[in-house]
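In each ligand, atom 1 is the first atom listed, and ligand 1 is the first ligand listed. As a basis for the values below, the full set of heavy atoms in this structure was taken, side chains included, without hydrogen atoms, waters or symmetry mates. Numbering starts at 1 and runs along the sequence shown.
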Amino acid sequence: MSRVALISGITGQDGSYLSELLLNKGYTVHGLKRRSSTFNTERIDQLDVHPRQEDARLFLHYSDLSDPASLSSLIRDIRPDEIYNLGAQSHVRVSFDVPGYTADVTGLGALRMLEAARAADIGCRFYQASSSEMFGSTPPPQREDTPFHPRSPYACAKVYAYWTAVNYRESWGMYCANGILFNHESPRRGENFVTRKVTRAVARIEAGIQDKLYLGNLDPVRDWGYAPEYVEAMWLSLQQEQADDYVVATGEGHTVQEFVETAFAHVGLDWRQYVVTDPVYFRPAEVDALIGDSGKARRALGWAPKTHFADLVRVMVDADRQLLEDERMGRLVRVDR
Ligand code: NAP
Ligand code: F7E
């Protein structure tokens, strides 16, 4: 019998890679997709398994993390072995503009998923996509026992979701695992996160269709890893005898400016000629430095990052160059995004 997984956030960066991973492992995958006025399945369209096909193993369902009734019936009907809660309003800067919505979806959404799973009483395992943003202003290196000091509505919501998952483990004996994920990126990263904003701009500037790149604070340090490797850690976290919480990180820190320099240098351009500071991208409270110690995940899960900073930047810039070329040639299928 094929194992069954339910993924919230299946249309996002991580959801798309996790779907591929689980389908390759033989799982039947159900994804929770929210209603939007434009198509939002671009990242999983290449999986293209139509539910009418006899061998279909990928199914999408309309639901929403703000709608407890729909979550309950979904979990009751699907009876998943594993639930991955990746859905969130995940943009830190935006969370200052929509704090209530962020708390509802990113924080309470996790509670709603957990409560629906508990009520269904099906013994499923639960993964919560927690964030290094929870450490906020606590200096690096950060690991599982580092105190949280969140600096945004997003980070506060993630702290709530983190402790709720721990609480369901301790109170109800449910298998709940938190991944404390440090920044992870890929060609599928949303276009308004800094890495993708930069790599997309580099490709467009090289092609002569953009002349400036407006950015905020270039000083923060981030620990940037490669998203397909981080979804491996998610799956591994649910395959252990005991549920636990794990930092997932490369252990390498780089400033935003270093990312910018490396990306422009990859196509032979000097970033100083193109980058303009725009305070609109500053945050009311910044997180200065996040660098994770993933020793526990390495020991317990046998997980280790493989892609390092310079390769990550190169992969992302080259993917955006390819994407522009595909668009120019009128190619419609972009399976690598
Ligand atoms: P992402 O690309 O922004 O994807 C977020 C997903 O959540 C999308 O599928 C989105 O749907 C969905 N979503 C948003 N609001 C929802 C709602 N009300 N109901 C149901 N689904 C909703 O994020 P990601 O980078 O893949 O990250 C996955 C998870 O890991 C998130 O929880 C994020 O906070 C967390 N995380 C990410 C990082 C990172 O560096 N990437 C680091 C730490 C933690 P649409 O496609 O319709 O927008
Ligand atoms: O910003 C600075 C910005 O938005 C990184 C999410 O996946 O990782 C992500 O959150 C840094 C910040 O990611 C711009 O001020 C400068 O210091 O790419 P970001 P993030 O805030 O680190 C964590 C772990 C998550 O959990 C989140 O879900 O870059 N920065 N100029 C900029 N950032 C953006 N977005 N845009 C700029 O123009």
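- Under a 4.0 angstrom heavy-atom cut-off, Met134 registers as lying outside contact with ligand 2.
- The residue from Asn217, Val198, Leu218, Thr195 that alone fulfils the side chain to side chain contact (heavy atoms under 4.5 Å, CB included) condition with Val256 is Leu218.
- When non-hydrogen atoms are compared, ligand 2 lies under 4.0 Å from neither the backbone nor the side chain of Arg196.
- Near Arg222, the atoms of ligand 2 lying under 4.0 angstrom from a non-hydrogen atom of the residue are 12 (C), 17 (O), 22 (O).
- Atoms of ligand 2 lying under 4.0 Å from any heavy atom of Gly216, numbered from 1 in the order shown and given with element: 14 (C), 16 (C), 31 (N), 38 (O).
- With a heavy-atom cut-off of 4.0 Å, Phe282 does not touch ligand 2 at all.
- Using 4.0 Å as the threshold, Arg188 has no heavy atom nearer than that to any atom of ligand 1.
- Grouping Ile, Leu, Val, Met, Phe, Trp and Tyr by side-chain contacts under 4.5 Å, direct or through others, puts Tyr162 with Met134, Phe135, Phe148, Val159, Trp163, Val166, Ile180, Phe182, Val247, Val287, Leu290.
- For ligand 1 and Tyr101, the ligand atoms under 4.0 Å from any heavy atom of the residue are 15 (N), 18 (N).
- For Ser131, no nitrogen or oxygen atom sits less than 3.5 Å from a nitrogen or oxygen atom of ligand 1, counting backbone and side chain alike.
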Should Asn85 and Gln128 be marked as a side chain to side chain donor-acceptor pair (under 3.5 Å) after you check the CA-CA gap, both sets of side-chain angles, and the distance that decides it? CA-CA 5 Å; Asn85 187 36; Gln128 172 59 23; 2.8 Å; yes
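- Heavy atoms of Glu133 stay at 4.0 angstrom or farther from ligand 1.
- Residue Gln13 has at least one nitrogen or oxygen atom sitting less than 3.5 Å from a nitrogen or oxygen atom of ligand 1, judged on distance alone.
- At least one N or O atom of Ala88, backbone or side chain, sits closer than 3.5 Å to an N or O atom of ligand 1.
- Ligand 1 has Tyr154 within reach: a non-hydrogen atom of the residue lies less than 4.0 Å from it.
- Asn192 O, 3.0 Å is the protein heavy atom nearest to atom 35 (N) of ligand 2.
- Checked by distance only, ligand 1 and Leu181 stay at 3.5 Å or farther apart across all their nitrogen or oxygen atoms.
- Aromatic ring centroids of Trp303 and Tyr230 lie under 6.0 Å apart.
- Checked by distance only, ligand 1 and Asn40 come closer than 3.5 Å through their nitrogen or oxygen atoms.
- Ligand 1 has an N or O atom lying under 3.5 Å from an N or O atom of Leu86, backbone or side chain.
- Under a 4.0 Å heavy-atom criterion, Glu286 is in contact with ligand 2.
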Which atom pairs, donor and acceptor, lie under 3.5 Å between side-chain atoms of residues 106-117 and protein residues at least two apart or in another chain?
unit_1: Thr106; atom_1: OG1; unit_2: Gln89; atom_2: N; d: 3.1
unit_1: Thr106; atom_1: OG1; unit_2: Gln89; atom_2: O; d: 3.1
unit_1: Thr106; atom_1: OG1; unit_2: Thr102; atom_2: O; d: 3.2
unit_1: Arg112; atom_1: NH1; unit_2: Leu65; atom_2: O; d: 3.0
unit_1: Arg112; atom_1: NH1; unit_2: Asp104; atom_2: O; d: 3.3
unit_1: Arg112; atom_1: NH1; unit_2: Asp104; atom_2: OD1; d: 3.0
unit_1: Arg112; atom_1: NH2; unit_2: Asp104; atom_2: OD1; d: 2.6
unit_1: Glu115; atom_1: OE1; unit_2: Arg118; atom_2: NE; d: 3.1
unit_1: Glu115; atom_1: OE1; unit_2: Tyr168; atom_2: OH; d: 2.5
unit_1: Glu115; atom_1: OE2; unit_2: Arg118; atom_2: NH2; d: 2.9

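- The residue from Ile44, Leu32, Asp223, Thr11 that puts a heavy atom closest to atom 10 (C) of ligand 1 is Thr11.
- Closest protein heavy atom to atom 1 (O) of ligand 2: Arg283 NH2, 3.4 Å.
- Counting heavy atoms under 4.0 Å from ligand 2, residue Val92 touches it through the side chain alone.
- In terms of polar-atom proximity, Ser90 is counted as a contact of ligand 1, with an N or O under 3.5 Å from an N or O of the ligand.
- At the top of the distance list for atom 38 (O) of ligand 2, counting protein heavy atoms only, stands Lys197 NZ, 2.8 Å.
- The shortest N or O to N or O distance between Asn85 and ligand 1 is not under 3.5 Å.
- A heavy-atom separation below 4.0 Å is not found between Lys158 and ligand 2.
- By the 4.0 Å heavy-atom criterion, Gly179 is excluded from the residues contacting ligand 1.
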